[in-house]
Amino acid sequence: MLDEPASSTELGVRFGVTTSAAGQHLRALRAAGLVSSTRYGRSVLYLRSELGNALVPPAQGA
């Protein structure tokens with residue numbers, strides 16, 4: 001789900017969980033080095049890190 005940068009609010013909606021729950025998961029993933037975060041205006045956007053990309057299998061048909 002992090003092929004493109006997304007906020008915790010956006011990810012919460014996609015997965016049907018609260019923004020707080022999405023944020024908790026994202027913090028754990030960031031601590032493990034699987035995602036990175038950057039501030040964009042008033043939002044924080046998350047994207048898979050190089051390590052995260054290495055662990056995700058390529059999309060079908062790619």
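Just so it is clear, the model here is predicted, and its values are computed rather than measured. Values below: every heavy atom of this structure, side chains too, minus hydrogens, waters and symmetry copies.
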Is it true that [X] and [Y] fall in one hydrophobic cluster, defined by side-chain heavy atoms closer than 4.5 Å?
X: Y40; Y: Y46; answer: no
X: V44; Y: F15; answer: yes
X: L51; Y: L26; answer: yes

Checklist entry - Within the side chain of T19, is there an N or O that forms a donor-acceptor pair under 3.5 Å with the backbone of S8? => result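 The answer is no, because no donor-acceptor pair under 3.5 Å joins these two groups.
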
Next on the checklist: With heavy-atom distances below 4.5 Å as the criterion, would you say the side chains of R48 and L34 are in contact?
Outcome noted: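 A side-chain contact is absent here, since even the closest heavy-atom pair is not under 4.5 Å.
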
Checklist entry - Do L47 and V35 come close enough that some side-chain heavy atom pair is under 4.5 Å? => result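 Not in contact.
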
Checklist entry - Closest approach of R42 and R39, non-hydrogen atoms and distance? => result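 The answer is O-NH1, 3.5 Å.
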
Next on the checklist: For a quick test of reading the model, state the closest non-hydrogen atom pair linking S7 to L45 and the distance between them.
Outcome noted: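 Here S7 and L45 meet closest at N-CD2, 3.8 Å.
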
Item to check | Point-to-point distance, once rounded to the nearest 0.5 Å, from OG of S49 to CG of L2 | outcome: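 One finds 10.0 Å between OG of S49 and CG of L2.
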
Next on the checklist: Rounded to the nearest 0.5 Å, what separates atom NE2 in H25 from atom CZ in R30?
Outcome noted: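 Between atom NE2 of H25 and atom CZ of R30 there are 14.5 Å.
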
